[in-house]
Amino acid sequence: MPQSADPRDRLIVALDLPDVAAAERLVARIGDAATFYKIGYRLAYAGGLDFAARLAHEGKKTFLDLKLHDIGNTVEEGVRSASALGATFLTVHAYPQTMRAAVRGRSSGLKILAVTVLTSYDDADAAEAGYALPVADLVARRAEQAVQIGIDGIVCSAAEARAVRGKIGPSGLIVTPGIRPAGAEAGDQKRVMTPGQARAAGIDHVVVGRPITGADDPRAVAQRIIAEMEGA
Ligand SMILES: O=c1ccn([C@@H]2O[C@H](COP(=O)(O)O)[C@@H](O)[C@H]2O)c(=O)[nH]1
């Protein structure tokens with residue numbers, strides 16, 4: 001995918017907020033400093049899907065982080081329904097059956113991203129969940145499968161970005177949560193990098209939630225993150 005010329009598009013702000021009113025307030029405070037917003041479970045289950053459609057209608061880019069994973073028919077039809085919301089990205093878990101179904105349901109304009117291994121997982125978490133591979137190897141294997149299936153992009157941590165780029169080539173998208181400005185609380189994220197480190201590793205977009213949603217001045221934090229990536 002050709003890269004957008006607008007550096008603001010590199011930052012995706014995660015609207016992990018309790019309701020649409022709170023999301024509207026945050027988007028208004030950030031103003032034109034951000035162009036791209038992510039709606040995940042918390043807001044989606046509180047009216048966030050209509051809000052996502054509204055944001056898209058108003059010219060913002062939207063990312064539906066619904067992490068679909070179900071039997072193929074349900075995923076395929078779910079992706080078809082989600083296509084009506086005008087989003088740019090939609091996530092599914094990186095299981096081959098699920099990814100194939102998402103590709104069947106995809107329509108033009110909506111890009112499907114495969115979530116490889118959640119950024120809150122380290123090797124011990126992967127082992128506890130029954131995986132024999134270290135996280136880095138599991139991410140690489142899933143990225144390889146995703147590209148064979150025709151998925152548009154990969155969600156992984158920035159620590160795996162270089163290896164993933166080697167698997168998916170220059171045109172695949174790499175989208176990385178687990179991003180923290182230097183000194184910010186990691187919270188439950190375990191595979192963390194700064195915006196500058198992520199950009200230097202070749203990511204296309206970073207996803208940032210709590211460091212922005214919890215900030216006294218969310219617009220300033222968004223601007224600093226974008227500037228840091230520009231300087232990387
Ligand atoms: O592997 C993943 C996939 C998705 N996420 C989502 O990104 C944001 C990160 O929020 P922070 O507050 O910046 O930690 C959140 O919506 C997650 O659901 C992820 O973190 N890791």
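Both counts, for ligands and for their atoms, begin at 1 and track the order of listing.
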In Å, rounded to the nearest 0.5 Å, how long is the span from CG of L43 to NZ of K38? 10.0 Å
Just to confirm my output: which protein heavy-atom neighbour is closest to atom 9 (C) of ligand 1, and how far is it? Q189 NE2, 3.6 Å
At a 4.0 Å threshold, what atoms of ligand 1 neighbour a non-hydrogen atom of L118? 1 (O), 2 (C), 3 (C)
Shortest non-hydrogen contact between A201 and A161, atoms and distance: O-CB, 3.6 Å
Min N/O separation V115 to ligand 1 under 3.5 Å: no
Just wondering, are more than 12 heavy atoms of other shown residues or ligands nearer than 6.0 Å to OH in Y121? no
For atom 15 (C) of ligand 1, the closest protein heavy atom turns out to be D16 OD2, 3.3 Å
For V207, the atoms of ligand 1 under 4.0 Å from one of its heavy atoms are 7 (O), 8 (C)
Test item, K67 contacting ligand 1 (heavy atom, 4.0 angstrom): yes
Check whether R191 reaches the backbone of L118 with its side chain - one donor and one acceptor, N or O, closer than 3.5 Å. yes
Scan residues 23-36 for pairs that pass side chain to side chain donor-acceptor pair (under 3.5 Å), counting only residues two or more places apart or in two chains. D9-T35, E24-R54, D32-R219
So, are R10 and E230 salt-bridged, with charged N and O less than 4.0 Å apart? yes
What atoms of ligand 1 come within less than 4.0 Å of a heavy atom belonging to R180? 11 (P), 12 (O), 13 (O), 14 (O)
Looking at Y95, is R142 sitting on its ring face, NZ or CZ under 6.0 Å from the six-membered ring centre and within 45 degrees of the normal? yes
I203 side chain reached by I179 side chain, heavy atoms, under 4.5 Å: no
Nearest candidate to atom 5 (N) of ligand 1, where distance is taken over non-hydrogen atoms, out of S157, S120, P177: P177
For ligand 1, which part of D65 has a heavy atom less than 4.0 Å away: the side chain, the backbone, both, or neither? side chain
Close N or O approach (K38, ligand 1; < 3.5 Å): yes
Numbered atoms and elements of ligand 1 in range of R210, under 4.0 angstrom, heavy atoms: 11 (P), 12 (O), 13 (O), 14 (O)
Nearest protein heavy-atom contact for atom 21 (N) of ligand 1: which residue, which atom, what distance? T119 OG1, 2.7 Å
